[in-house]
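The shown structure was predicted, so the numbers you read here are calculated from the model rather than taken from an experiment.
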Amino acid sequence: MYDVIFFENPSWGWENLPVNATRPILMDEDVYVALNKPGRDQSFFDNVTERQLVAISGYHYGFAGLSTDNAELEKRFNIEFSHSHSRNLDLIKADRPSLAEVAVVSRSYLQSHLNDNPEDSDRFLVSDTPDQTYLLHIMARDNGPIDAATLEQLLSPLFKDGRYQQFVDKRDLQLPPGIPEPAAP
């Protein structure tokens, strides 16, 4: 359906599809987020799969073996699905444990949310151990109008002159190993 898709991981269902990938262009991870309550600490996440979870439908999560089958996941876990990290954090803030005790959220989204809503910093307990860490690539359709190698060539000047680093820093994202350092001024 698409010629190119940004910020994907080849292990998220792309293995047997006719696509090619750039080298990683970003790195991120999913973390567990709960309401910060007296007496709660990191041990709250020890048996996260026994908690009432809220996650995004169609996303790949480490605790679920990267499965995206909602029906299967609903049989295996106490899980509620939504379509946004924002809604999942709102469900945690609502303090309705029968609906959501733990949200699975990308660290990049959580950081952006906390930058925009600093009052939430003390409201959330965030897991020290991620659900998963992943590298994000650009995926291009085989025999499409552009391939991964050409996309890398087009992005190369942004990597080399530091503009990509500025983009990443502005959004509190992480670069993967191997992205060229900006050229000296």
Side-chain angles (χ1 to χ4, degrees), residues 5-9 11-12 24-68 70 73-74 76-139 155 158-159 162-177 179 182:
I5 186 166
F6 280 66
F7 312 120
E8 274 291 318
N9 185 293
S11 67
W12 293 343
I25 60 168
L26 283 177
M27 186 167 61
D28 205 350
E29 60 188 6
D30 293 331
V31 293
Y32 303 119
V33 179
L35 198 60
N36 193 8
K37 291 183 168 187
R40 274 192 188 164
D41 59 17
Q42 289 297 309
S43 66
F44 187 76
F45 302 113
D46 286 351
N47 297 309
V48 73
T49 58
E50 296 173 12
R51 302 275 181 205
Q52 184 63 46
L53 300 168
V54 61
I56 295 181
S57 178
Y59 276 33
H60 298 80
Y61 295 108
F63 75 86
L66 304 183
S67 173
T68 59
N70 286 6
L73 297 177
E74 287 171 340
R76 292 174 48 204
F77 308 104
N78 298 319
I79 192 165
E80 173 79 15
F81 291 104
S82 81
H83 296 288
S84 78
H85 287 313
S86 176
R87 179 176 185 271
N88 294 351
L89 292 179
D90 286 346
L91 288 170
I92 295 300
K93 289 192 296 186
D95 194 15
R96 294 180 51 206
S98 63
L99 184 60
E101 290 180 286
V102 175
V104 190
V105 180
S106 70
R107 185 171 300 281
S108 60
Y109 180 83
L110 179 63
Q111 187 59 51
S112 176
H113 174 86
L114 294 176
N115 288 345
D116 293 342
N117 303 279
E119 68 279 5
D120 283 349
S121 292
D122 293 332
R123 295 184 77 180
F124 295 136
L125 176 65
V126 180
S127 62
D128 290 338
T129 303
D131 172 68
Q132 68 170 321
T133 300
Y134 42 86
L135 298 173
L136 298 169
H137 305 250
I138 305 171
M139 310 296 290
L155 291 174
L158 301 177
F159 296 144
R163 286 182 286 171
Y164 189 72
Q165 181 72 52
Q166 290 172 343
F167 164 81
V168 167
D169 291 345
K170 184 177 179 180
R171 288 157 184 83
D172 293 313
L173 301 171
Q174 297 176 32
L175 286 178
I179 294 288

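- To the nearest 0.5 Å, atom CD of residue Gln42 and atom CG of residue Leu125 are 5.5 Å apart.
- Distance alone, capped at 3.5 Å, is enough to place a donor-acceptor pair between the Asn9 side chain and the Leu135 backbone.
- Listed for the Asn88 side chain is no donor-acceptor partner under 3.5 Å among the backbone atoms of Ala103.
- Residues meeting the side-chain contact (heavy atoms from CB on, under 4.5 Å) test with Arg96, sequence neighbours left out: Ala94, Leu99.
- Heavy-atom contacts from other residues, nucleotides or ligands closer than 6.0 Å to CG of Asp122 number 12 or fewer.
- Side chain of Glu80 to main chain of Val54: no donor-acceptor pair is present (N/O by atom type, distance under 3.5 Å, no hydrogens or angles).
- Among all heavy-atom pairs drawn from Leu73 and Ala64, the shortest one is CD2-CB, 3.4 Å.
- For Ala55 against Ile79, the heavy-atom pair with the smallest separation is CB-CD1, 4.1 Å.
- The side-chain contact (heavy atoms from CB on, under 4.5 Å) check on Ser98 picks up nothing, with sequence neighbours excluded.
- One distance of note links OG of Ser86 with CG of Asp116; it measures 10.5 Å at 0.5 Å rounding.
- Minimum heavy-atom separation, Pro177 to Met27: CD-SD, 4.5 Å.
- For the residue pair Asp169 / Gln165, a side-chain donor-acceptor distance below 3.5 Å is found, with atom types taken as modelled.
- Legend: ring-ring contact (aromatic ring centres under 6.0 Å, His included) pairs involving residues 77-96, not counting sequence neighbours, sorted by first then second residue: Tyr59-His85, Phe63-Phe77, His85-Tyr109.
- In this structure, the separation between CZ on Arg123 and CG on Leu114 is 11.5 Å, given to the nearest 0.5 Å.
- Between the CZ atom in Phe7 and the CD1 atom in Ile138 there is a gap of 7.0 Å [rounded to 0.5 Å].
- In terms of modelled atom types and a separation under 3.5 Å, the side chain of Tyr32 and the main chain of Leu53 share no donor-acceptor contact.
- Summarising the geometry of Ser108 relative to Leu173, their closest heavy-atom pair is CB-CD2, 3.3 Å, with the distance given to 0.1 Å.
- Between Glu101 and Leu35, the closest side-chain pair of non-hydrogen atoms is not below 4.5 Å.
- Arg51 places a side-chain N or O within donor-acceptor distance of the main-chain N or O of Phe44, the cut-off being under 3.5 Å.
- Using a 4.0 Å cut-off between charged side-chain N and carboxylate O, Arg87 and Asp90 make no salt bridge.
- With a 4.5 Å cut-off on side-chain heavy atoms, Leu89 and Leu110 count as touching.
- Residues Ala34 and Arg40 come closest through the heavy atom pair CB-NH1, 4.1 Å.
- Atoms OH and CD, from Tyr134 and Glu29 in turn, are 8.0 Å apart once rounded to the nearest 0.5 Å.
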Quiz item: Given the rule in the side-chain contact (heavy atoms from CB on, under 4.5 Å) test, do Trp12 and Thr68 qualify, once you have shown the distances and angles that lead to the verdict?
Solution: CA-CA 9 Å; Trp12 293 343; Thr68 59; over 6 Å; no
Self-check item: Ile56/Tyr61 under side-chain contact (heavy atoms from CB on, under 4.5 Å): CA gap, chis, key distance, verdict
Solution: CA-CA 9 Å; Ile56 295 181; Tyr61 295 108; 3.6 Å; yes
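- Two residues are said to be in side-chain contact when any heavy atoms from C-beta on lie closer than 4.5 Å; Phe124 and Ile92 meet this criterion.
- Expressed to the nearest 0.5 Å, how far CD1 of Ile5 lies from CE of Met139 amounts to 8.5 Å.
- Nearest heavy atom pair, residue Arg107 against residue Val126, reads NH1-CG1, 4.3 Å.
- No donor-acceptor distance shorter than 3.5 angstrom exists from the side chain of Gln132 to the backbone of Val31, with no hydrogens or angles considered.
- Judged purely by atom type and a 3.5 angstrom limit, Arg171 uses its side chain to pair as donor or acceptor with the backbone of Phe167.
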Exercise. Check the pair Asp95, Lys37 against side-chain contact (heavy atoms from CB on, under 4.5 Å), reporting the backbone distance first and the verdict last.
Key: CA-CA 10 Å; Asp95 194 15; Lys37 291 183 168 187; 2.9 Å; yes
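- Inter-residue side-chain proximity for Thr129 and Phe45 is flagged as unmet; no heavy-atom pair is nearer than 4.5 Å.
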